[in-house]
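Report on one structure; see the data block that follows.
Only this structure's heavy atoms are used, side chains among them; waters, hydrogens and symmetry mates stay out. Chain naming here is simple, since letters A, B, ... match the order of the sequence lines and numbering starts at 1 in each.
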Amino acid sequence: MLSVRTITENPQMVAERLKVKNFEAGKLIDEITTLDTQRRHIKSALDTSQAESNRISKQIGLLFREGKKEEADRAKEQTSELKEKIKELQQELSGTESLLSDLVVQLPNIPHGSVPPGNTPGDNKLVREGGSRPALGRDALPHWELARKYDIIDFELGNKITGAGFPVYKGKAAKLQRCLISFFLDEAVNAGYTEIMPPVLVNEDSAFGTGQLPDKEGQMYYVGLDNLYLIPTAEVPLTNIFRNEIIPFDELPRKLTSYTPCFRREAGSYGKDVRGLNRLHQFDKVEIVEIAHPDSSYERLEAMTSYIESLVVKLELPYRIMLLCGGDMSFHASKTYDFEVFSAAQEKWLEVSSVSNFESFQSNRMMLRYREKEGKKINNAHTLNGSALALPRIVAALLENNQTPDGIRIPDVLAGRCGFDIIDS
RNA sequence: GGAGAGGUGGCCGAGUGGUCGAAGGCGCACGCCUGGAAAGUGUGUAUACCUCAAAAGGGUAUCGCGGGUUCGAAUCCCGCCUUCUCCGCCA
């Protein structure tokens, strides 16, 4: 969430910038400003009363020590009214604070100045593209057909065990999955990311910290008995490592990577676009997360983008990088690049990565700060993350693009790890 | 899951109703000392919020978290979380 100070000190700037996300913020900002003024008045009054109460208590202590019991008792009587007042003010304050945060949480993050306006994916800007599309014959099969043909991914079996959206990988596909994960992790470690293996269940505070709660609980699987959520992405546990922390200046940027399975309910999304591996309830993903100084977070975003690009290049996949327009960006992001690979049999671009700078939107809600080099000032750090990469759609594209009459060719960079260079029979 | 013992500042550790945001030590920062360093020595060293044009200063809250008792709670009571020891269960 935006900090209340940002909102109240630059109301017109915030409103103006949020228009790029097609968000009309004027009314909300007014309400926030009013509530915040109220909050400060109440806090002020409360502080004064508590100071008074502390003063009297101290006096009573002194009187007792001096043996002036009657005076002390008289002083006690004084306090009952004050106590009542303090209690009222406290209730008023916490009421106002929760109203305020209910409102603040509704404001999306401010888009960066370079984010183009627009509503739909059609308004996204092509940043660059690379790789070449394979020339497939007319009989080219989509990956779900290939999966059946070579008996490597079993969607029906997943239905039996769990339900739709939980495929079972078998044989060479299972191994390919494992090798992709280790390939992505090794690459990330070589690029300076520290490998982490976090829990895949998180508590409420963590889910709030990265912004899944309060609004998006419907997208997460929830374990009610223990009040825990299955992570929709490793971003959640990784970023929350730093919740309530103050990072020394010279430790920035912090760079982490992690493989985790990811769980998404994605309620109600069935149909042609979600066939096969295109959209799943459980999938594997390697994620990169950075905690950066505000002055260099956009450099980090570009660096992360180049890093992810190096992966799709090594996998020899045709890809393009899109700069998302304001309307297509997530609620939390300031700037996002999407990576798409071309899946040649479906003849579709599939999103395989999304890299975003959240600026201080997440760090503000999770109190993730850094200490400035000079002056010891403390500020919110910037958080960034990106998929590097999400497996299923990569696998879909690999299967479709590399199909030959003899089988599915495995790119060189993976063949060594896998111990095979073709999926046939 | 059962029984018992704990959770205090960056760390160690004292504190069982008032003068305690918290002794002492370590660490860290700056200074003195030194040719330089070590040792020694002096000072400083939490976070959030309110107040203030800003800084300085002042105020409030925070001793795992949340409630309660009390004029007053790190200290007493209740619930939760968590760590350790023992028992049980278990990949």
Roughly how far apart, to the nearest Å, are [N] and [M] at atom [atom1]?
N: B:U47; M: B:C11; atom1: P; result: 13 Å
N: B:G7; M: B:C12; atom1: P; result: 12 Å
N: B:G42; M: B:G25; atom1: P; result: 10 Å
N: B:U82; M: B:G66; atom1: P; result: 16 Å
N: B:C49; M: B:G36; atom1: P; result: 44 Å
N: B:G27; M: B:U83; atom1: C1'; result: 24 Å
N: B:A38; M: B:A29; atom1: P; result: 11 Å
N: B:C77; M: B:U41; atom1: C1'; result: 48 Å

For RNA chain B, what residues of residues 37-50 of chain A have any heavy atom nearer than 4.0 Å?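 Under 4.0 Å from RNA chain B: A:R39, A:R40, A:K43, A:S44, A:D47, A:Q50.
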Within residues 86-99 of chain A, find the residues that approach RNA chain B with a heavy atom at under 4.0 Å, and present them sorted by residue number.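 Those residues whose heavy atoms fall under 4.0 Å from RNA chain B, taken from residues 86-99 of chain A, amount to none.
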Under 4.0 Å between a side-chain N or O of [X] and OP1 or OP2 of [N]?
X: A:R369; N: B:U47; value: no
X: A:N54; N: B:U60; value: yes
X: A:N203; N: B:C81; value: no

[X] side chain to [Y] main-chain N or O, any donor-acceptor pair under 3.5 Å?
X: A:S334; Y: A:I110; answer: yes
X: A:K21; Y: A:F331; answer: yes
X: A:N402; Y: A:R409; answer: yes

Counting Watson-Crick and G-U wobble pairs only, both distances under 3.5 Å, name the nucleotide matched with [N], or none.
N: B:G24; value: B:C12
N: B:A56; value: none
N: B:A3; value: B:U85

With a 4.0 Å cut-off on heavy atoms, is [X] in touch with a base, just the backbone sugar-phosphate, or nothing at all?
X: A:I56; value: nothing
X: A:R55; value: nothing
X: A:I246; value: sugar-phosphate

Roughly, in whole Å, what's the span from [atom1] in [X] to [atom2] in [N]?
X: A:D226; N: B:C81; atom1: CG; atom2: C1'; answer: 13 Å
X: A:D205; N: B:G64; atom1: CG; atom2: P; answer: 18 Å
X: A:E52; N: B:A61; atom1: CD; atom2: P; answer: 13 Å

Are the charged groups of A:D424 and A:K172 less than 4.0 angstrom apart, N to O?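 A:K172 and A:D424: salt-bridged.
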Do you know which two heavy atoms are closest between [X] and [Y], and how far apart they sit?
X: A:P294; Y: A:N380; answer: CG-O, 3.8 Å
X: A:A381; Y: A:I291; answer: CB-CG2, 3.7 Å
X: A:H332; Y: A:T210; answer: CD2-O, 4.2 Å

When you measure from the side chain of A:I60, which nucleotide among B:U60, B:U47, B:G18 comes out closest?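 That would be B:G18.
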Can you tell me which nucleotide in B:U47, B:U60, B:C71 comes closest to the side chain of A:I378?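 Of B:U47, B:U60, B:C71, B:U47 is nearest to the side chain of A:I378.
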For residues A:K83 and A:I86, determine if any side-chain heavy atom of one lies less than 4.5 Å from a side-chain heavy atom of the other.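 In short, these two side chains do not touch, never coming nearer than 4.5 Å.
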For A:S206 and A:N203, test the side chains for any donor-to-acceptor distance below 3.5 angstrom and give the result as yes or no.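 Result is yes, a qualifying pair exists.
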Using the side chain to side chain contact (heavy atoms under 4.5 Å, CB included) definition, which of the options A:S363, A:S297, A:S296 pairs with A:H382?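 Going through A:S363, A:S297, A:S296 one by one, the side chain to side chain contact (heavy atoms under 4.5 Å, CB included) with A:H382 is satisfied by A:S297 alone.
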